[in-house]
Student: 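Provided herewith is a single structure, encoded as structure tokens, for subsequent inquiry.
The residues of the chain are indexed from 1 along the displayed sequence. Given the structure is predicted, the values throughout are model-derived calculations rather than measurements.
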Amino acid sequence: PALRPEDAGVDHHLGNTAVVVLQPGTGEILALLGSADYWNDAINGRFNVAADGLRQPGSAFKPFTYLTAFAQGYTPASMLLDVRTVFETASGPYVPENYDRRFHGPVRMRVALQRSYNIPAVQTLALVGVDNVIRTAHRLGINTLDASGDYGLALTLGGGEVTLLDMTYAFGVMADNGKMAGAPVPELLRRPGYRTLDPVMILRVEDASGKVLYEYQPQNQTILSPQLAYLMQNVLSDEQARWAAFGHPNPLELDRPAAAKTGTTNNFRDNWTLGFTPQLAVGVWVGNTDSSPMENVTGLTGAAPIWHAVMQYALRDIPPTGWTPPPGVT
């Protein structure tokens with residue numbers, strides 16, 4: 001679809017997209033689109049951006065920061081100050097700005113995350129620690145982000161490179177009440193601190209006579225407590241908390257409860273939308289294979305309409321359901 005009605009026919013230098021659809025409860029990859037057109041050499045269509053493309057996720061990474069904060073005792077109602085702030089770092093002063101170049105004063109973590117304010121996200125990362133957020137991301141399924149890398153406070157704004165497949169898998173853990181499902185990572189490929197399960201593409205292998213040579217049996221691990229998972233489900237599906245920044249209606253809203261987060265990198269090089277319902281986790285990337293910048297395309301206008309269309313189609317025959325608060329959540 002066009003980004004906006006007035007944009008129809010406008011060239012935004014947007015050449016490619018990738019999509020991943022996962023079933024959180026089993027770890028099955030239901031659909032994977034590596035590029036918009038495999039046969040299009042102009043966009044390097046044979047390169048699988050979904051699984052192999054290392055890209056900066058922008059604000060789509062912020063849930064890992066706030067999830068770490070919730071694990072340390074902060075809550076969606078904890079207050080942050082969205083004011084001009086100078087963060088002293090080893091490389092010198094760091095003064096982040098919000099996307100709208102404005103300050104919004106005292107905000108709850110719920111509002112800061114849903115409206116994707118940058119300054120509170122950096123403040124939260126400073127409170128909880130860069131190393132702790134990287135550990136959270138690794139546990140949820142992110143296989144990149146070298147623990148020895150010097151990402152600094154920009155990590156929460158998407159300063160490290162990830163893959164769309166890993167991001168979608170991690171959001172699927174939040175969708176399934178903190179459980180990860182998949183196939184065991186081979187022993188020789190395991191790394192301390194990283195995930196030990198992988199999402200699955202092949203469910204069964206048979207020989208010519210129909211004899212089953214392999215059949216997938218999902219394994220499950222608890223990565224987050226149900227309470228922590230519910231906090232992210234509740235916050236990321238809070239449509240009203242998002243309205244002041246994203247408008248209403250917007251492409252992140254479905255005909256059912258749905259959690260979602262967008263991301264836009266500097267110079268519009270990468271657009272992301274990650275989100276989930278209890279039944280599906282869907283990730284969308286929009287950009288150019290050669291990382292050349294797009295023109296005035298954000299996660300909300302580029303990736304989100306595709307995410308919305310995929311979700312609506314995939315869930316068309318599934319009754320709407322939400323998430324039930326587990327014991328211990330007030």
Student: Could you give me the CA-CA distance, side-chain angles and deciding distance for Gln279 and Thr321, then say whether side chain to side chain contact (heavy atoms under 4.5 Å, CB included) is met?
Tutor: CA-CA 9 Å; Gln279 302 87 5; Thr321 58; 2.8 Å; yes
Student: Taking the side chain as every heavy atom from C-beta outward, state whether Phe64 and Leu145 have any pair of such atoms under 4.5 Å apart.
Tutor: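 No; the side chains remain at least 4.5 Å from each other.
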Student: Indicate yes or no for a side-chain donor-acceptor contact from His248 to the backbone of Glu239 under 3.5 Å, with no hydrogens or angles considered.
Tutor: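 Such a contact is absent between His248 side chain and Glu239 backbone.
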Student: For Asp100, is the CG atom crowded, meaning more than 12 foreign heavy atoms sit under 6.0 Å from it?
Tutor: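 Check passes, neighbour count above 12.
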Student: Give a yes or no answer on whether the side chain of Lys62 reaches the backbone of Ser116 with a donor-acceptor pair at less than 3.5 Å.
Tutor: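 Yes.
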Student: Tell me, do Leu164 and Val49 make a side-chain contact under 4.5 Å, heavy atoms counted?
Tutor: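 Of all side-chain heavy-atom pairs linking Val49 with Leu164, none is under 4.5 Å.
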Student: Rounded to the nearest 0.5 Å, how far apart are CZ of Arg190 and OG1 of Thr196?
Tutor: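 Between atom CZ of Arg190 and atom OG1 of Thr196 there are 5.0 Å.
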Student: Does either side chain, that of Thr85 or that of Gln123, offer a donor lying less than 3.5 Å from an acceptor on the other one?
Tutor: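 Per modelled atom types, Thr85 and Gln123 side chains form no pair under 3.5 Å.
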Student: Could you see if Ile43 belongs to whatever hydrophobic cluster contains Val286? Use Ile, Leu, Val, Met, Phe, Trp, Tyr and a side-chain cutoff under 4.5 Å.
Tutor: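 In one cluster: no.
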Student: I'd like to check Val130 versus Val133 (side-chain heavy atoms, cut-off strictly below 4.5 Å). Are they in contact?
Tutor: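 Not in contact.
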Student: A quick test of your reading: do over 12 heavy atoms of other residues, nucleotides or ligands sit less than 6.0 Å from OH of Tyr214?
Tutor: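 Correct, the count exceeds 12.
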Student: Under a 3.5 Å distance rule, please check whether Gln233 uses its side chain to pair with a backbone N or O of Met174 as donor and acceptor.
Tutor: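 The answer is yes, because a donor-acceptor pair under 3.5 Å joins these two groups.
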Student: Starting at CD1 of Ile223, measure out to CG of Leu67 and round the result to the nearest 0.5 Å.
Tutor: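 Reported to 0.5 Å precision, the distance equals 11.5 Å.
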Student: Could you measure the distance from the CG atom of Leu165 to the CH2 atom of Trp285? Nearest 0.5 Å is fine.
Tutor: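 Going from the CG atom of Leu165 to the CH2 atom of Trp285 covers 15.0 Å.
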Student: Could you work out, with salt bridge (Lys or Arg N to Asp or Glu O under 4.0 Å) as the rule, every residue matching Arg135, not counting sequence neighbours?
Tutor: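 Listed in chain order: nothing, the list is empty.
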Student: Is the ring pair Trp323/Phe276 parallel, tilted or perpendicular, if the boundaries are 30 and 60 degrees?
Tutor: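 Perpendicular, since the angle between the ring planes exceeds 60°.
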Student: Indicate yes or no: at least one non-hydrogen side-chain atom of Tyr94 is less than 4.5 angstrom from one of Val122.
Tutor: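 Answer yes - side chains close enough.
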Student: Heavy atoms, side chains only, cut-off 4.5 Å: are Met109 and Pro120 in contact?
Tutor: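 Not in contact.
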Student: Is there a path of hydrophobic side-chain contacts, each under 4.5 Å between heavy atoms, that joins Phe70 and Val329?
Tutor: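 Yes; tracing contacts between hydrophobic side chains, which count when under 4.5 Å, links both residues.
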Student: State plainly whether one hydrophobic cluster holds both Leu30 and Val19, where clusters connect Ile, Leu, Val, Met, Phe, Trp and Tyr through side-chain heavy atoms under 4.5 angstrom apart.
Tutor: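 Yes, Leu30 connects to Val19 through the hydrophobic network.
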Student: Give a yes or no on this: more than 12 heavy atoms of other residues, nucleotides or ligands lie within 6.0 Å of atom CD1 of Ile318.
Tutor: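 Check passes, neighbour count above 12.
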Student: Does the pair Leu80 and Thr124 meet the rule for a side chain to side chain contact (heavy atoms under 4.5 Å, CB included), with working shown?
Tutor: CA-CA 8 Å; Leu80 300 165; Thr124 302; 3.3 Å; yes
Student: Do Ile119 and Val83 have side chains that approach each other closer than 4.5 Å (heavy atoms only, starting at C-beta)?
Tutor: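 Not touching, per the 4.5 Å side-chain cut-off.
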Student: Looking at side-chain heavy atoms only, is the closest gap between Met232 and Leu113 below 4.5 Å?
Tutor: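 Side chain of Met232 against side chain of Leu113, heavy atoms only: contact under 4.5 Å found.
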Student: Would you check if the side chain of Asn288 reaches a backbone N or O of Asp290 as a donor-acceptor pair within less than 3.5 Å?
Tutor: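 Checking the backbone N and O of Asp290 against the side chain of Asn288, no donor-acceptor pair under 3.5 Å is found.
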Student: Identify the heavy atoms of Ala241 and Arg110 that sit nearest to each other, and give their distance.
Tutor: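 Closest approach of Ala241 to Arg110: CB-CG, 4.2 Å.
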Student: Quick one: closest heavy-atom pair of Leu300 and Phe246, and the distance?
Tutor: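 Minimum heavy-atom contact is CD1-CD2, 3.5 Å.
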Student: For the CE atom of Met294 and the NE2 atom of His13, what is their distance to the nearest 0.5 Å?
Tutor: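 Reported value, rounded in 0.5 Å steps: 9.0 Å.
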Student: Are Phe87 and Ile134 linked, directly or through intermediate hydrophobic residues, by side-chain heavy-atom contacts shorter than 4.5 Å (ILVMFWY only)?
Tutor: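 Yes; Phe87 is reachable from Ile134 via cluster members.
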Student: Is there a side chain to side chain contact (heavy atoms under 4.5 Å, CB included) between Leu54 and Val162 once you walk through the steps?
Tutor: CA-CA 5 Å; Leu54 289 173; Val162 297; 6.0 Å; no
Student: Would you say Asp198's side chain and Ala183's backbone share a donor-acceptor pair under 3.5 angstrom?
Tutor: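 No, the answer is negative, given that no donor and acceptor are paired below the 3.5 Å cut-off.
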Student: So do the side chains of Arg46 and Asp41 get within less than 4.5 Å of each other, counting heavy atoms only?
Tutor: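 A side-chain contact exists here, since the closest heavy-atom pair is under 4.5 Å.
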Student: Kindly give the heavy-atom pair with the smallest separation between Pro63 and Ala60, and that separation in Å.
Tutor: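 Taking Pro63 first and Ala60 second, the nearest heavy atoms are CD-O, 3.2 Å.
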Student: Return the minimal non-hydrogen interatomic distance between Met311 and Leu280, and the atom names on each side.
Tutor: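 What the structure gives for the nearest pair is CE-O, 3.9 Å.
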Student: Taking only residues at least two apart or on different chains, which pairs with a member in residues 69-98 satisfy salt bridge (Lys or Arg N to Asp or Glu O under 4.0 Å)?
Tutor: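 Of all non-adjacent pairs touching residues 69-98, those that pass salt bridge (Lys or Arg N to Asp or Glu O under 4.0 Å) are Glu97-Arg101.
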Student: Taking the side chain from Arg139 and the backbone from Thr136, do they hold a donor-acceptor pair closer than 3.5 Å?
Tutor: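 Not a single qualifying donor-acceptor pair exists.
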Student: Spell out, as yes or no, whether a donor-acceptor pair under 3.5 Å connects the side chain of Trp307 to the backbone of Leu252.
Tutor: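 No.
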Student: Has Thr301 got a side-chain atom pairing as donor or acceptor with Val297's backbone, closer than 3.5 angstrom?
Tutor: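 No.
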Student: Over all heavy atoms of both residues, which pair between Leu140 and Met180 is shortest? Give the atoms and the distance, please.
Tutor: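 Reported closest heavy-atom pair: O-CE, 3.3 Å.
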Student: Quick check on the hydrophobic clustering: are Val205 and Tyr216 connected, directly or via other members, by side-chain heavy-atom contacts under 4.5 Å?
Tutor: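 Same cluster: Val205 reaches Tyr216 through Ile, Leu, Val, Met, Phe, Trp or Tyr contacts under 4.5 Å.
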Student: Can you tell me if CZ on Arg256 sees more than 12 non-hydrogen neighbours from other groups inside 6.0 Å?
Tutor: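 More than 12 heavy atoms, drawn from other residues, nucleotides or ligands, come within 6.0 Å of this atom.
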Student: So how far is it from Gln219 CD to Thr26 OG1, rounded to the nearest 0.5 Å?
Tutor: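 If we round to the nearest 0.5 Å, Gln219:CD and Thr26:OG1 are 13.5 Å apart.
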Student: Would you check if the side chain of Arg191 reaches a backbone N or O of Asn143 as a donor-acceptor pair within less than 3.5 Å?
Tutor: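 Looks like yes, one N/O pair under 3.5 Å.
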Student: For Leu125 and Leu157, what are the C-alpha separation, side-chain angles and deciding distance, and is it a side chain to side chain contact (heavy atoms under 4.5 Å, CB included)?
Tutor: CA-CA 10 Å; Leu125 180 59; Leu157 307 183; over 6 Å; no
Student: Quick check against the 3.5 Å criterion: does Gln72 have a side-chain atom that pairs as donor or acceptor with the backbone of Val128?
Tutor: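 Here the side-chain-to-backbone pair exists.
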Student: If you compare all heavy atoms of Ala112 against all heavy atoms of Tyr66, which two are closest, and at what distance to 0.1 Å?
Tutor: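 Smallest heavy-atom distance, with atoms named: CB-OH, 3.5 Å.
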Student: Nearest 0.5 angstrom please: Thr298 OG1 to Trp272 CH2, how far?
Tutor: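 Between atom OG1 of Thr298 and atom CH2 of Trp272 there are 15.0 Å.
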